[in-house]
Visitor: 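Mind having a look at this structure? Questions to follow.
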Amino acid sequence: MTSDFADALASGPLVLDGGLSNELEAAGHDLGDALWSARLLAEDPEALTRAHLAYFEAGAEVAITATYQATFEGFARRGVGPERAAELLALGVESAREAAGRARAGRPGRRLWVAASAGPYGAMLADGSEYRGRYGLGAGELERFHRPRLEALAAARPDVLALETAPDTEEAAALLRAVRGLGVPAWLSYTVAGDRTRAGQPLEEAFALAADAAEVVAVGVNCCAPEDVSGAVETAARVTGKPVVAYPNSGETWDAGSRGWRGRSSFAAERVRDWRDRGARLVGGCCRVGPQTIASIARTLSGG
């Protein structure tokens, strides 16, 4: 698929943003419910715009929307009907686009992008199952879950769809079918442990699913340990021949029982040179990676 965004990838690396939730929490927002940051789509969309703007001002060129955990099913549990849910999904794209507009005000001509996030089925369950996968659903059921949300996001005309944090090849295959014909390019990124998906499948097998998908302009990993990125980037580039996306967590570990992070950050901006050299063209951070680190990534990539 040819697009302005795909053309930009061909011209050199683009800097992604970092963890939206930690920026929102730093601003005092409580995200401790099943909708996570998507709750603010209805309650405080301006807060989302400010968080996106913080990353753009730090040097990010791509903002990932607050729709990772936004689904028709999740909104329905809050009494939100499908028409309003579709409006909220579109608002996620609009909030990021508004932040891009504000960021350009001081730097006319700056090229900025909006990636509409679509998390895995397990994100809707809000029980950590996106880090296990294999939910016991058939491929058709997963495709039917993903397609309406992807249609709503695509209708808002983001620059790219971010099919994020896929835990296994079953869900990745369903996502690839669900994104067909929407007219918006996509990237597909897995959450991984070592050289395998979270469900234990070899990354060669996982990345190969996207090799011939015309809609997919980049493939790679997110929401994983920084130490797992280099090998995954090299494998993704070799297997697919596509640009690679890489945005790991800080290196801290999420404890689902206590609903808190443990350990220390192992994310060093200097790592991104190696990722770039192995084929990464979309580079940023996921959970617990803030604007300061994104600024360091931007400086590192611009410095050669």
Side-chain angles (χ1 to χ4, degrees), residues 4-5 8 14-72 74-75 78 80 83-119 123 149-150 152-162 164-165 184 187 222-223 247 282-295 297-298:
D4 195 31
F5 183 79
L14 296 178
V15 180
L16 300 175
D17 61 7
L20 189 62
S21 62
N22 45 266
E23 185 64 14
L24 292 167
E25 288 172 336
H29 296 281
D30 180 5
L31 304 181
D33 76 13
L35 286 177
W36 201 31
S37 57
R39 177 174 58 82
L40 298 179
L41 291 169
E43 296 180 8
D44 193 352
E46 173 61 22
L48 299 174
T49 297
R50 290 194 297 269
H52 290 309
L53 181 59
Y55 282 112
F56 281 138
E57 291 178 337
E61 297 162 283
V62 183
I64 302 174
T65 64
T67 52
Y68 173 84
Q69 213 141 323
T71 63
F72 286 97
F75 283 130
R78 299 295 179 87
V80 178
E83 183 175 345
R84 177 56 176 160
E87 291 174 353
L88 293 174
L89 285 161
L91 184 56
V93 175
E94 293 164 12
S95 296
R97 190 177 289 128
E98 170 64 19
R102 295 182 194 179
R104 289 191 192 100
R107 292 176 57 185
R110 185 182 178 196
R111 302 185 76 193
L112 302 174
W113 316 91
V114 173
S117 171
R149 176 174 52 157
L150 290 171
L153 290 171
R157 307 311 299 172
D159 297 294
V160 61
L161 294 165
E164 302 187 280
T165 325
V184 180
W187 79 59
N222 77 291
C223 210
Y247 51 119
L282 288 161
V283 181
C286 202
C287 301
R288 305 285 285 179
V289 176
Q292 185 174 356
T293 302
I294 297 304
I297 290 173

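A quick note: this is a predicted structure, and the numbers were derived from the prediction, not measured. Excluded from the calculations below are hydrogen atoms, water molecules and symmetry mates; all remaining heavy atoms, backbone and side chain alike, are included.
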Visitor: Heavy-atom distance under 4.5 Å between the side chains of H52 and L20, does that happen here?
Guide: yes
Visitor: So, R104 side chain and R110 main chain: donor-acceptor pair closer than 3.5 Å or not?
Guide: yes
Visitor: Would you check if I294 and V15 make a side-chain contact, meaning some heavy-atom pair closer than 4.5 Å?
Guide: yes
Visitor: Please round to the nearest 0.5 Å and tell me the distance separating atom CD of Q292 and atom CD1 of I297.
Guide: 11.5 Å
Visitor: How many angstroms lie between atom CG of L89 and atom OG of S117, to the nearest 0.5 angstrom?
Guide: 10.5 Å
Visitor: Considering non-hydrogen atoms only, spot the tightest contact between A123 and Y68 and give its length.
Guide: CB-CE2, 3.5 Å
Visitor: Might you point out which heavy atoms bring A116 and T65 nearest each other, and give the distance in Å?
Guide: CA-OG1, 3.4 Å
Visitor: Look up atom OG1 in T165 and atom CG in N222, then write down how far apart they are to the nearest 0.5 Å.
Guide: 3.5 Å
Visitor: Please find the pair of heavy atoms, one from A152 and one from F72, that lie closest to each other, and give the distance.
Guide: CB-CZ, 4.2 Å
Visitor: If you measure from CG on D159 to CD on E61, what distance do you get to the nearest 0.5 Å?
Guide: 12.5 Å
Visitor: Could you check if a side-chain atom of F5 sits within less than 4.5 angstrom of a side-chain atom of V184, using non-hydrogen atoms only?
Guide: no
Visitor: For the residue pair E164 and I64, establish whether any side-chain heavy-atom pair is separated by less than 4.5 Å.
Guide: yes
Visitor: Determine the minimum heavy-atom distance between L91 and P45, stating which atoms define it.
Guide: CD2-CB, 3.8 Å
Visitor: Which atoms form the tightest heavy-atom contact between L161 and P158, and what is the distance?
Guide: CD2-CG, 4.2 Å
Visitor: Rounded to the nearest 0.5 Å, what separation is found between the OG1 atom of T67 and the CG atom of L153?
Guide: 5.0 Å
Visitor: So which heavy atom on L112 is nearest to which on A100, and how close?
Guide: CD1-O, 3.7 Å
Visitor: Check whether any side-chain heavy atom of W113 lies under 4.5 Å from a side-chain heavy atom of V160, and answer yes or no.
Guide: no
Visitor: Is R97 salt-bridged to E94, going by a charged N under 4.0 Å from an acidic O?
Guide: no
Visitor: Taking atom CD of E43 as the centre, report whether more than 12 heavy atoms of other residues, nucleotides or ligands fall under 6.0 Å from it.
Guide: yes
Visitor: May I ask you to test the L16-W187 pair for a side-chain heavy-atom distance under 4.5 Å?
Guide: yes
Visitor: Got more than 12 heavy atoms from elsewhere within 6.0 Å of CD, E46?
Guide: yes
Visitor: Does the side chain of E98 come within less than 4.5 Å of L48's, by heavy atoms?
Guide: no
Visitor: How long is the span from the CG atom in L88 to the CG atom in L40, to the nearest 0.5 Å?
Guide: 11.5 Å
Visitor: Any non-hydrogen side-chain atom of R102 less than 4.5 Å from a side-chain atom of F56?
Guide: no
